[in-house]
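Written out below as structure tokens is the structure these notes cover.
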Number of protein chains: 2
Amino acid sequence: VNLDVEECWRRLEAGGHGVLATVHATRGVDAVPVVYAVTEGRIVVPIDTVKPKATTQLQLLENLRLDPRCVLVVEHYAEDWSQLWWVRVHGAGFERALTPELTGALADRHPPYAAEGALASAIEITPDLVTGWSAASA
Amino acid sequence: VNLDVEECWRRLEAGGHGVLATVHATRGVDAVPVVYAVTEGRIVVPIDTVKPKATTQLQLLENLRLDPRCVLVVEHYAEDWSQLWWVRVHGAGFERALTPELTGALADRHPPYAAEGALASAIEITPDLVTGWSAASA
């Protein structure tokens with residue numbers, strides 16, 4: 001069944017990780033796992049200061065600078081397919097300097113980001129289409 | 001740590017679901033959860049005959065017909081971030097008529113596809129770049 005938009009937002013808020021796909025200048029498309037938080041109808045993805053992710057994060061930022069269009073997929077998978085569901089957010093993503101709102105939303109959802117200096121900046125995604133599907137009734 | 005290509009394939013073969021991102025003619029990028037199987041160095045994604053997925057699957061096929069470039073992300077998420085890993089496959093995807101090899105690979109990995117008439121066709125992805133990352137040593 002298709003999920004209505006309120007149910008999609010409930011599941012987005014209860015979630016916290018997904019896959020973010022972006023336009024890539026030469027490869028056509030790119031995608032990377034991300035964590036996120038929801039604040040005031042927007043999706044916030046951290047750009048953190050942890051080194052191992054640096055290359056992936058730099059590519060993500062470059063992709064969004066060239067074309068802000070992106071899509072976030074948040075899904076629940078189970079070998080029992082009657083439990084499957086997913087929510088998808090199409091929108092435009094831009095890198096933002098940290099603000100108390102963005103930092104607070106990320107730190108509330110993901111405690112490691114409450115540490116001083118854990119965040120470098122954030123990507124703010126303004127949704128223009130939110131859809132979802134569930135194998136079971138909502 | 002970056003995973004070497006052999007370890008990436010081990011994790012792809014042990015997996016079976018992920019998010020497939022494609023180029024979308026007007027939205028720039030699209031992405032959808034998929035199940036898959038691995039056979040002979042290629043990724044096989046089922047196009048099934050289950051109705052609820054029909055719209056999503058038709059869009060995926062249309063996207064690939066317009067531009068075969070795609071990326072599959074297979075990830076393991078955990079609240080304990082030291083357990084995170086992901087594998088990413090960039091490649092070209094084309095719809096294929098069913099063959100014993102494709103049907104067999106899908107049915108072996110996902111028992112529901114062993115049922116008569118469960119598969120309509122399949123997408124075959126030929127990888128051109130396989131990369132992976134793990135928070136822990138492999």
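- In this structure, the portion of B:R88 lying under 4.5 Å from any heavy atom of chain A is its side chain and not its backbone.
- Considering only heavy atoms from C-beta on, B:Y77 stays 4.5 Å or farther from A:V19 through its side chain.
- B:V5 and B:L3 fall within the same hydrophobic cluster, defined by Ile, Leu, Val, Met, Phe, Trp and Tyr side-chain heavy atoms under 4.5 Å apart, directly or through other members.
- Interface residue B:T22: only backbone heavy atoms are found under 4.5 Å from chain A.
- Here A:H90 contributes atom NE2 and B:R27 contributes atom CZ; the two are 5.0 Å apart, rounded to the nearest 0.5 Å.
- The greatest number of non-hydrogen atom pairs below 4.5 Å with chain A, out of B:V32, B:L129, B:L20, is found for B:L129.
- Contact tally against chain B (heavy-atom pairs below 4.5 Å) for A:D67, A:V23, A:V71, A:V29: the top residue is A:V29.
- The hydrophobic clustering, which links ILVMFWY residues whose side-chain heavy atoms are closer than 4.5 Å, places B:V73 and B:I43 apart.
- The most heavy-atom pairs under 4.5 Å with chain B, out of A:P33, A:P111, A:A21, come from A:P33.
- Counting heavy-atom pairs under 4.5 Å between each of B:E75, B:H24, B:H17 and chain A puts B:H17 at the top.
- No salt bridge links B:D30 with A:R69; every basic N to acidic carboxylate O contact stays at or beyond 4.0 Å.
- A:W81 and B:Y113 have tilted rings, their planes meeting at an angle from 30° to 60° on a 0 to 90° scale.
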